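Take a look at the structure set out below.
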Amino acid sequence: LPEDFDWRDKGAVTGVKDQGSCGSCWSFSATGALEGAHFLATGNLESLSEQQLVDCDNVCDPEEQGACDAGCNGGLMNNAFQYILQSGGVQREKDYPYTGRDGKCHFDKSKIVASVSNFSVVSLDEDQIAANLVHNGPLAVAINAVYMQTYIGGVSCPYICGKHQDHGVLLVGYGAGEYAPIRLKKKPFWIIKNSWGENWGENGYYKICRVRNICGVDSMVSTVAAAISTP
Amino acid sequence: TTVISDQATDSDDLLIRQVVDDDHSLNAEHHFTKFKTTFGKTYATEEEHNYRFAVFKSNLRRAKKHAKLDPSAVHGVTKFSDLTPREFRRQFLGLKRRLRLPADAHKAPILPTNN
């Protein structure tokens, strides 16, 4: 594995998006992972529609009662991948633009640009997460966002952070170490793309240290593979 | 700035302790005004304004606490500083899940990590 890795340098990550006042983080996490997988499969980076997932995806987790995707009221990335698999694919962002509100589904199958061929969960192991990131593209991850409300920059490495996850984000890379003066050592970190606009964090990104499953970031990691459509 | 000279001796008079006037920089009202300008925030009524200012002050204290607990990151005023933690969770988070992976989920194959 390389010491440092960043999918942004390789053109697999679209610009930072803004979910607005809508609990649709899960849809941004899912489309971000599929955008990366689609780039790996086709060489084209397409910005995909979160609004399609917000409006049309009502898939439920069979293992957990009431855990259904529900637009601005929340959802799960794995359910979103299941929806994309069942529906056939996702439209472009510009064909089904984001409104930040729950709306009526107007999915047009003829305008599908990216599809899922498979998705799977990655084991709770930092090296495996890194290997899957490098091998398969950006990963959909869940995190406890308690420190994110006040985060401005640097590597977040709180002494105490709950492992209960409440936010969906996209893991796009990792770094070998950024010097933390207070701890007198370099700390390896994950690079996370958020969906709160560029005027949050480090131009929309969050860095969190890569140790001991901090804030539950290693616990729910999903990788997706894009289908290559043949004419 | 002021120079503290009461303890200065011949040997340490070159050591100047700089004391920055922090009345302005630590003033919550000043921070709140700057916050409203930066993020284009307006409030419909005076009651709402006063309530948001109270929330903002509480978030300043929270940011300070986060900075202590998370010293390698920078914490402070963000565009969410006028929201209570509950409002923040409701409006900007949205992951519906307890800490459990679905039993029927495909497990990604273990990849080699050497070389």
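Just so you know, these numbers come straight off a predicted model, no measurement behind them. All values below come from the heavy atoms of this structure, side chains included, with hydrogens, waters and symmetry mates left out. To find a chain, count down the sequence lines: A is the first, B the second, and so on, and within it residues start at 1.
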Non-hydrogen atoms of chain B under 4.5 Å away: do they reach the side chain of [X], the backbone, both or neither?
X         : value
Asn194(A) : neither
Thr223(A) : side chain
Cys68(A)  : backbone
Asn118(A) : side chain
His167(A) : both
Val134(A) : neither
Ser21(A)  : both

Self-check item: Pairing of Lys79(B) and Asp18(A) as salt bridge, 4.0 angstrom limit
Solution: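 Salt bridge: yes.
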Self-check item: Option that, when pairs with chain B are counted at under 4.5 Å, heavy atom only, ranks first among Cys25(A), Cys209(A), Gly201(A), Ser27(A)
Solution: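 Looking at each of Cys25(A), Cys209(A), Gly201(A), Ser27(A) in turn, Cys25(A) comes out on top.
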Self-check item: Options Ala131(A), Cys22(A), Ser156(A), ranked by heavy-atom pairs under 4.5 Å with chain B, top entry
Solution: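 Top count of heavy-atom pairs under 4.5 Å with chain B: Ser156(A).
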Quiz item: Any sub-3.5 Å donor-acceptor pair from Gln91(B)'s side-chain atoms to Gly23(A)'s backbone N or O?
Solution: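 Pair absent, no side-chain N/O of Gln91(B) close to backbone of Gly23(A).
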Quiz item: Any donor and acceptor pair, going by atom type alone, linking the side chain of Gln19(A) with main-chain N or O of Phe92(B) inside 3.5 Å?
Solution: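 A pair under 3.5 Å: yes.
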Quiz prompt | Full working for side chain to side chain donor-acceptor pair (under 3.5 Å) between Arg89(B) and Gln149(A) | solution = CA-CA 9 Å; Arg89(B) 279 197 302 273; Gln149(A) 187 177 358; over 6 Å; no
Quiz item: By a 4.5 Å heavy-atom criterion (distance strictly below it), what part of Phe88(B) contacts chain A: side chain, backbone, both, or neither?
Solution: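 Side chain of Phe88(B) only, per the 4.5 Å heavy-atom cut-off to chain A.
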Quiz item: Which of parallel (below 30°), tilted (30 to 60°) and perpendicular (above 60°) describes His66(B) and Tyr147(A)?
Solution: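 Aromatic pair His66(B)/Tyr147(A) classed tilted.
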